[in-house]
Amino acid sequence: MSENIKPFHLAFFLGGPHIQGWGYEWSGNITDEFMGPELYEMVARELERGCLDYILLEDNVFVADAAGGKMDTYLKYGISVPRRDPMMIAPYMLKATKHIGIVPTISTFAPHPFYHARQMASLDQLSGGRVGWNCVTGSSDRAWQNFGFDAMLPHDERYDHAAEFVEASNALWDSWDADAIVADRESNTLVDPAKVRTVDFEGKWFKTRGPLNVGPLPQGRPAMAQAGSSGRGREFAAKYADTIVGDGRDNESSKAYRDNLRELAVGIGRDPDEIQFMTLLTPILGATQGEADEKAKSLEAHNLKMAPQSLALISKTTGIDFSRFPLDEELKAEGLTTEGTQKSLDEFLARNKGKTLRQAAARPIDRRWVGTPETVADRMQEAMEYIGGDGFLLGGVITRRFIAELVDGLIPVLQRRGLTRKTYAGKTLRENLRTI
């Protein structure tokens, strides 16, 4: 490994503010805690101790019924339900911290751009510029139906819809100049009228007059995260996002993903260094390699035992009802397409070619590196050398033990090697995304 590798970024994927640890070891009294803010405040404080850039609060806005056309499996086993609205959790996490960014997920078909822009502007002001938003277009008819639509738009058209949502939101955030509040007592002027304007935005789906009545934002615009992986999704992310989540299954695919995004950014006249590419990673840590291997085996055994539940989650993500296929026969890929997350379906099928459905369910759907803090840090360093940057979005089953393993185990090793920050360089989320 090179001794001259540049430092990289770390962030955390809080996979749905719901009962994430239900059914797993070391989840404590999580069923007693999920309605209160304490668990989320603890996670924010501890991860800030590790000097992570941000916590991404994943979300969806429906109870799934993709498995067998019923909600029963999802409700019985707590699969992505119940969960809190991340916009309600974010203020608690921001109040509990001073530096780390908080990034709630927003579905672009749910709020009106004015309501969204006003909420985010308020949070940005109240937090001193530490909020972002994870822009998602939705991948389920059920989600869109909860907001009055008959079904979701076709894939590429969903990105056209989302682009209009972003453009309207950006116009509203730009409706106040940064120095519009003059607070001049001599002239009895609080706001300079020349520095606030209407936006008069009108598109195919959204219309808003503006301006916002909140005032200017510390960041100008809240930092934006995105995870588009299709061709249209990557174009969208390269144009608008400050941080991009990549789920490459190996270093080669992550490098190709990042290189493509940077090329797209250059092609539209954007500085690619303004975009931080974060590779998803689930570390499975132990004091020894043997201990980490046993933890990984235990997780795989758990997944094998819970194959129907695991497949229900995959069904929810891909929109394909896998409950209609035999568990112990080879998975057949022919004819399987989706208007949901096609890339997730393609990767699931390719990764499990020749496997039975039960075996496929037991295999992890994320990138997992198993080892001691030192050996996992080695692999992270090697990956960044190969990919070229910009960091990792860490995730896993949310338990206090897992958070401690990261903050008191893995991250100090990275910090001692000079690979991740020991203190925050900037005051706002966007400043910390662009510096280490």
Side-chain angles (χ1 to χ4, degrees), residues 57 59-62 85-88 90 103-126 131-181 191-228 230 232-242 268-270 339 430:
L57 306 181
D59 190 34
N60 59 61
V61 289
F62 66 104
D85 185 328
M87 283 298 289
M88 299 298 101
V103 182
T105 293
I106 304 296
S107 299
T108 53
F109 55 87
H112 187 276
F114 188 92
Y115 186 69
H116 163 66
R118 189 169 187 252
Q119 281 194 316
M120 293 303 302
S122 299
L123 276 181
D124 202 54
Q125 291 173 344
L126 292 168
V131 299
W133 65 294
N134 177 38
C135 174
V136 300
T137 65
S139 58
S140 169
D141 287 337
R142 294 291 182 256
W144 284 66
Q145 287 163 357
N146 283 338
F147 294 90
F149 298 90
D150 293 329
M152 62 182 173
L153 295 171
H155 179 274
D156 285 6
E157 195 172 357
R158 291 202 300 274
Y159 277 105
D160 295 338
H161 177 274
E164 189 173 295
F165 182 93
V166 174
E167 292 285 354
S169 299
N170 286 346
L172 288 163
W173 289 320
D174 294 346
S175 63
W176 287 64
D177 290 347
D179 58 350
I181 299 178
V191 177
D192 183 346
K195 297 183 177 183
V196 182
R197 64 203 66 83
T198 62
V199 302
D200 300 313
F201 181 95
E202 185 170 356
K204 180 178 179 180
W205 291 282
F206 299 109
K207 183 177 180 179
T208 183
R209 176 183 180 273
L212 284 181
N213 61 349
V214 178
L217 286 66
Q219 294 185 98
R221 300 172 180 175
M224 179 178 144
Q226 223 279 318
S230 66
R232 181 70 179 89
R234 293 185 188 195
E235 292 172 0
F236 177 86
K239 183 174 182 178
Y240 295 113
D242 297 282
I268 59 174
R270 190 174 179 197
E339 271 295 332
R430 184 172 282 106

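Count residues from 1 along the sequence. Here the structure is a predicted model, which is why all the values come from computation and not from measurement.
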Non-hydrogen atoms of M224 and C135 that approach each other most closely: CE-CB, 3.6 Å

Between V103 and L57, is any pair of side-chain heavy atoms under 4.5 Å apart? no

Run the side chain to side chain contact (heavy atoms under 4.5 Å, CB included) test on W176 and D192 for me, step by step, so that the C-alpha distance in whole Å, both residues' side-chain angles and the decisive distance to 0.1 Å come before the verdict. CA-CA 10 Å; W176 287 64; D192 183 346; over 6 Å; no

With a cut-off of 3.5 Å and sequence neighbours excluded, list every side-chain donor-acceptor pair involving residues 106-114.
{"unit_1": "T108", "atom_1": "OG1", "unit_2": "V136", "atom_2": "O", "d": "3.3"}
{"unit_1": "H112", "atom_1": "ND1", "unit_2": "F114", "atom_2": "N", "d": "3.0"}
{"unit_1": "H112", "atom_1": "NE2", "unit_2": "K207", "atom_2": "O", "d": "3.1"}

Over all heavy atoms of both residues, which pair between A178 and P216 is shortest? Give the atoms and the distance, please. O-CG, 3.9 Å

I'd like to know if the side chain of D141 reaches the main chain of M152, judged simply by a donor and an acceptor atom lying under 3.5 Å from each other, with no hydrogens or angles considered. yes

Tell me the closest heavy-atom pair linking M120 and P222, and the distance in Å. CB-CG, 3.9 Å

Decide yes or no on salt bridge (charged side-chain N to carboxylate O under 4.0 Å, His left out) for R209 and E202, but give the supporting numbers first. CA-CA 8 Å; R209 176 183 180 273; E202 185 170 356; over 6 Å; no

Between E164 and W205 (side chain of the first, backbone of the second, donor and acceptor by atom type, cut-off under 3.5 Å), is there such a pair? yes

Side chains of N134 and T105, donor plus acceptor under 3.5 Å: yes

Are the side chain of Q145 and the backbone of A151 linked by a donor-acceptor contact shorter than 3.5 Å? no

I need the minimum non-hydrogen distance between A162 and T137, along with the two atoms involved. CB-CG2, 3.7 Å

Residue among R270, E167, Q226, E235 satisfying side chain to side chain donor-acceptor pair (under 3.5 Å) with Y240: E167

Between N146 (side chain only) and V61 (backbone N and O only), is there a donor and an acceptor less than 3.5 Å apart? yes

Gap between atom CD of Q119 and atom CE of M87 - 0.5 Å precision: 4.0 Å

Do F201 and F206 have their ring centres less than 6.0 Å from each other? no

Got a second to check how far L172's CG is from T198's OG1, nearest 0.5 Å? 10.5 Å

Rounded to the nearest 0.5 Å, what separates atom CG in D156 from atom OH in Y159? 9.0 Å

With under 30° as parallel and over 60° as perpendicular, where do the rings of F165 and W133 fit, or are they tilted in between? tilted

Kindly compute the distance separating CG (L123) from CZ (R118), expressed to the nearest 0.5 Å. 12.0 Å

Shortest non-hydrogen separation from A171 to V199 and the atoms involved: O-CG1, 3.2 Å

Can you sort out the partners of L126 under side chain to side chain contact (heavy atoms under 4.5 Å, CB included), two or more places apart, ordered by chain and number? none

To the nearest 0.5 Å, what is the distance between CG on N60 and CZ on R142? 13.5 Å

Looking at R197 and D174, is there a salt bridge between them, counting it only when a charged N and a carboxylate O are closer than 4.0 Å? no

Quick check against the 3.5 Å criterion: does Q125 have a side-chain atom that pairs as donor or acceptor with the backbone of V214? yes

Residue set satisfying side chain to side chain contact (heavy atoms under 4.5 Å, CB included) with D150, at least two apart, ordered chain then number -> none

Taking all non-hydrogen atoms of both residues, which atom of I268 and which atom of A238 are closest, and how far apart? CD1-O, 3.8 Å

What's the separation between atom CG in L153 and atom NE2 in H161, rounded to the nearest 0.5 Å? 6.0 Å

For atom OH of Y115, is the number of surrounding heavy atoms from other residues, nucleotides or ligands below 6.0 Å larger than 12? no

Taking 4.0 angstrom as the limit, do K204 and E157 come out as a salt bridge? yes

Less than 4.5 Å apart, side chain to side chain, heavy atoms only: is that true for I181 and K195? no

